[in-house]
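Here the structure is a predicted model, which is why all the values come from computation and not from measurement.
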Amino acid sequence: MSLTTSRPRSFADRLTANVRTGYWTGLVPLLALVATLTHLPSFLRPVWSPDEGYLATQARMLADGGVLYDTVVDRKPPLLPWLYEACFAVFGSVSLWPLRTLAICAHLATAVLLASIARGRWGDRAGRYAGLIYLLVSIGLSPEDTQAATFEVFMLPAMVAAFRYAERRRWLAAGIAVALCSLTKQTGGAVLLPVLWMLLQDTRRRGVRWPPALAKIGFGFALPIALVAVILTKPKGFLFWVVTGSGDYAVLGSNWPQMLGRALGNSAILLSAGLAFLLPYAHRLWLRRHRRPVPGRGPEHGSTADLWVWLASSIVAVSVGFHFFGHYYLQLMPPLVLLGIGAVATSAVPWRPVVAYSAVASTFFCALAVFWPGQRLTQTTEVATAVAAQTTPKDTVLVWGMHPELYWLADRRPATRYLTAGFLTNFSGGKGGEKVGEQYSVSDAWQTFDNEISTNGFPEVFVDDSGTSPYQPDLVPRIASLLDTHYEVVGVTGDTVIYRLKKK
C-alpha cells in the first residue's frame, strides 16, 4: 500500500474545479441578470442625488487640470472621483450611464462574494440565496439612495472582500481590501474591526502567534494609502479633507429630532425590505430557548459572532456624523443578509417564502424608482437650462446651495473650488441652523474664496439655491454684499433665484 501526500491546491486548481462543477457558471449569470433588472431604473434619470452631481462636477474640474484636495476639494477619499474622471475621459462627460453600469457590476461583485461566504458556511443552496437576496434587498431604500452611483455602492465589494479574506486567514489581502474600502469612503474602514476579531479568534483556536498576521494586515492597509499619498501632489490636503478637517461637519446639531426621525425612518424602510428574515430569527431563538433540534437541517457551521461584530461596526459607521442618510444604510446590507441567510439555513423555515417575499418587496421598490417624483430634478434642470442660456462655455458660475449637479447639468465651470455653500458656512443637509455662518467655515475658506474671485474675476451668473435655509444670502454678509454690489436678478424658478453680473 503506497501513501501519497496531498498537496494544497493552487487558486487556479480551485477555480478550475469550481467551474467544472457548474456552480458559479450557473449562478453568476443569474446574479448578473437580477443585478441589471433591479437597477435598470437608475438609467431613467440623468442624476439621482447631489453626490452624483458633486462627483461629476469634480471629474470635469480634474479633467480641466484641477488638483484634488487643492483646487478641487471634497471631504471624501479619492478613488471614486478618479473613477468618474476615468469614465469621463473614455466615454465623455455628458451622461452617467458608464458609472451606472459600473455600479451594477459593483453590486454583482458584492453578491458573488456574499454567495462565496454563505456557501462556505452553510452550503451551496445558502450561497445561491445569499447572492440573490442581497441583490433583491439592495434596492430596499429610497430610490435616490439605491439607484445612484455613489460611494457606498463602490465601497461594498472591497468591504465584503476584506471579510472574506480574513475568513480564509489571508491577512495581507484583507488589509489591502480594508484600505481600498477606506479610500472609497472613510466609514468603510469599520470592516477592520471584524477582521481583527477573526484574527483574535484564530489565534485562540489555533494557538498561532498573532504579531506576524497583524503586521500583514497593517502593511496591507498602509500600502495603498501610501501609494495614494505619493500620487497626490497635495498629501497634506488629503489628510485635512479626508481625516482631520471634518470635525465640525460630523457633530450632533440642535435638530436632533429630525435626525432621529430620519434614522428610524430609514431603518424601518430597510426592515420592510428584509422582513422575511424576522421569522427565521424568531424561530431560531425559540429553538435555542427550548433546546430543540432543527428538523431537516444540519447544524450551524461555526459561530456567527464575526457577523455580529461586522454588523455592530457597520451600525457605528452609519451613525458617525449623525446624518443617517438613506444611502449610508447600504453598508448594513451585507452583514444583515448573511445573518438572515444563516438563520434560514439553520432553522426549519423553508426558503421559498423568504425568497418570494424578497422578490415582491424588490418589485415594489423597483416600481417605486420608476414612478419616483422628480419635481426637484425638473426645477434643477430648468435652472441649469437658464444658466446655460445666460452664459457661454468660457464663463464661470457660482451656485450658492447644496445641489452641485447644477454645474454639471448646465455644463459650466464653477467659480470656486467650494461646490456647495456648506464649506463656507458649515451647513450640512438634515441639520439645523446652529453653528451655521461665515465664522464657522472651513479654515481659511473665505480667504481662498476671495483669492479665487479676485484672480479669476466675478462669476457671470450667481445662482441662489438656498431657499429658506440658514445660509441664505441675507444671513451671510459677504454674499449679501457681493449680490448687492455686482449682480441683478434675471430669473426666478421655484425658490431658486438667478443673478447675472451687472454690465458696466
**Asked** Under 3.5 Å, side chain of Tyr329 to main-chain N/O of Ala263, donor-acceptor pair present?
**Response** yes
**Prompt:** With a 3.5 Å cut-off and no angle check, do the side chains of Asp464 and Ser466 form a donor-acceptor pair?
**Reply:** yes
**Request:** Please work out which of the three classes, parallel, tilted or perpendicular, describes the rings of Trp400 and Tyr471, given edges at 30° and 60°.
**Result:** perpendicular
**Check ion pair Glu167-Arg121 (N to O, under 4.0 angstrom)** = yes
**Prompt:** Given Ile133 and Ile341, is the side chain to side chain contact (heavy atoms under 4.5 Å, CB included) satisfied, shown in steps?
**Reply:** CA-CA 9 Å; Ile133 290 178; Ile341 291 295; 4.0 Å; yes
**Message:** Working to the nearest 0.5 angstrom, can you tell me the gap between Leu338 CG and Leu113 CG?
**Reply:** 10.5 Å
**Prompt:** Could Lys185 and Tyr328 be counted as a cation-pi pair, given that NZ or CZ must be under 6.0 Å from the ring centre and within 45° of the axis?
**Reply:** yes
**Item:** salt bridge (Lys or Arg N to Asp or Glu O under 4.0 Å) assessment of Asp51 paired with Lys76
**Value:** CA-CA 11 Å; Asp51 281 352; Lys76 296 293 193 301; 5.5 Å; no
**Message:** Using 0.5 Å steps for rounding, measure from the CZ atom of Phe43 to the OG1 atom of Thr36.
**Reply:** 8.0 Å
**Message:** With a 4.0 Å cut-off on N to O distance, would you call Asp64 and Arg413 a salt bridge?
**Reply:** no
**Prompt:** Is any side-chain heavy atom of Leu501 less than 4.5 Å from a side-chain heavy atom of Pro459?
**Reply:** no
**Considering all heavy atoms, the nearest Ala149-Leu99 contact** = CB-O, 3.7 Å
**Item:** Residues Arg478 and Asp450 bridged, charged N to O under 4.0 Å
**Value:** yes
**Message:** Using the rule given for side chain to side chain contact (heavy atoms under 4.5 Å, CB included), can you reason through Thr71 versus Met61, listing the C-alpha separation, both sets of side-chain angles and the distance that settles it, and then say yes or no?
**Reply:** CA-CA 9 Å; Thr71 59; Met61 295 171 71; over 6 Å; no
**Asked** Between the side chain of Tyr407 and the main-chain N/O of Leu419, is any donor-acceptor distance below 3.5 Å?
**Response** no
**Asked** What is the distance from atom CG of Leu260 to atom CZ of Phe324, rounded to the nearest 0.5 Å?
**Response** 8.0 Å
**Request:** Kindly determine whether Trp408 and Tyr54 satisfy ring-ring contact (aromatic ring centres under 6.0 Å, His included), including the steps that lead there.
**Result:** CA-CA 8 Å; Trp408 181 69; Tyr54 202 113; over 10 Å; no
**Message:** Just to verify, which of Asp465, Thr496, Thr493 counts as forming a side-chain hydrogen bond (donor to acceptor under 3.5 Å, both in side chains) with Gln379?
**Reply:** Thr496
**Prompt:** Donor-acceptor pair, Thr416 side chain versus Tyr418 backbone, under 3.5 Å?
**Reply:** yes
**Asked** So, does His39 use its side chain to make a donor-acceptor pair with the main chain of Ala35 at under 3.5 Å?
**Response** yes
**Polar side-chain atom of Gln331 near backbone of Glu152 as donor-acceptor pair, under 3.5 Å** = no
**Prompt:** Side chain of Ser441, backbone of Gly437: donor and acceptor closer than 3.5 Å?
**Reply:** no
**Request:** For Arg169 and Asp202, run salt bridge (Lys or Arg N to Asp or Glu O under 4.0 Å): C-alpha distance rounded to whole Å, both residues' side-chain angles, the deciding distance at 0.1 Å, then the answer.
**Result:** CA-CA 8 Å; Arg169 297 187 292 278; Asp202 189 58; 3.7 Å; yes
**Any side-chain donor near an acceptor of the partner, Ser428 and His323, under 3.5 Å** = yes
**Message:** Working to the nearest 0.5 angstrom, can you tell me the gap between Arg262 CZ and Ser267 OG?
**Reply:** 12.0 Å
**Item:** Reported CZ-to-OG1 distance for the pair Phe458 and Thr396, which is rounded to 0.5 angstrom
**Value:** 11.0 Å
**Any donor-acceptor N or O pair under 3.5 Å, side chains Ser116, Arg164** = yes
**Prompt:** In terms of side-chain geometry, is the basic nitrogen of Arg100 or Glu52 positioned less than 4.0 Å from the acidic oxygen of its partner?
**Reply:** yes
**Request:** Give me the ring orientation class for Trp310 and Phe163: parallel if the planes are under 30° apart, tilted from 30 to 60°, perpendicular past 60°.
**Result:** parallel
**Asked** Taking atom types as modelled, is there a side-chain donor on Tyr134 or His107 under 3.5 Å from an acceptor on the other?
**Response** yes
**Message:** For a quick check under 3.5 Å, do Asn451 and Ser454 share a side-chain donor-acceptor pair by atom type?
**Reply:** no
**Asked** Going through the checks in order, is the side chain to side chain contact (heavy atoms under 4.5 Å, CB included) test met by Val442 and Phe240?
**Response** CA-CA 10 Å; Val442 171; Phe240 173 80; 3.7 Å; yes
**Message:** Regarding Trp446 and Glu438, do their side chains bring together a donor and an acceptor under 3.5 Å, going by distance alone?
**Reply:** no
**Asked** Distance from Cys181 atom SG to Met159 atom CE, nearest 0.5 Å?
**Response** 6.0 Å
**ring-ring contact (aromatic ring centres under 6.0 Å, His included) between Phe365 and Trp372, intermediate numbers included** = CA-CA 10 Å; Phe365 282 105; Trp372 191 249; 9.8 Å; no
**Message:** Walk me through whether Leu108 and Ile104 qualify under side chain to side chain contact (heavy atoms under 4.5 Å, CB included).
**Reply:** CA-CA 6 Å; Leu108 175 60; Ile104 292 176; 5.6 Å; no
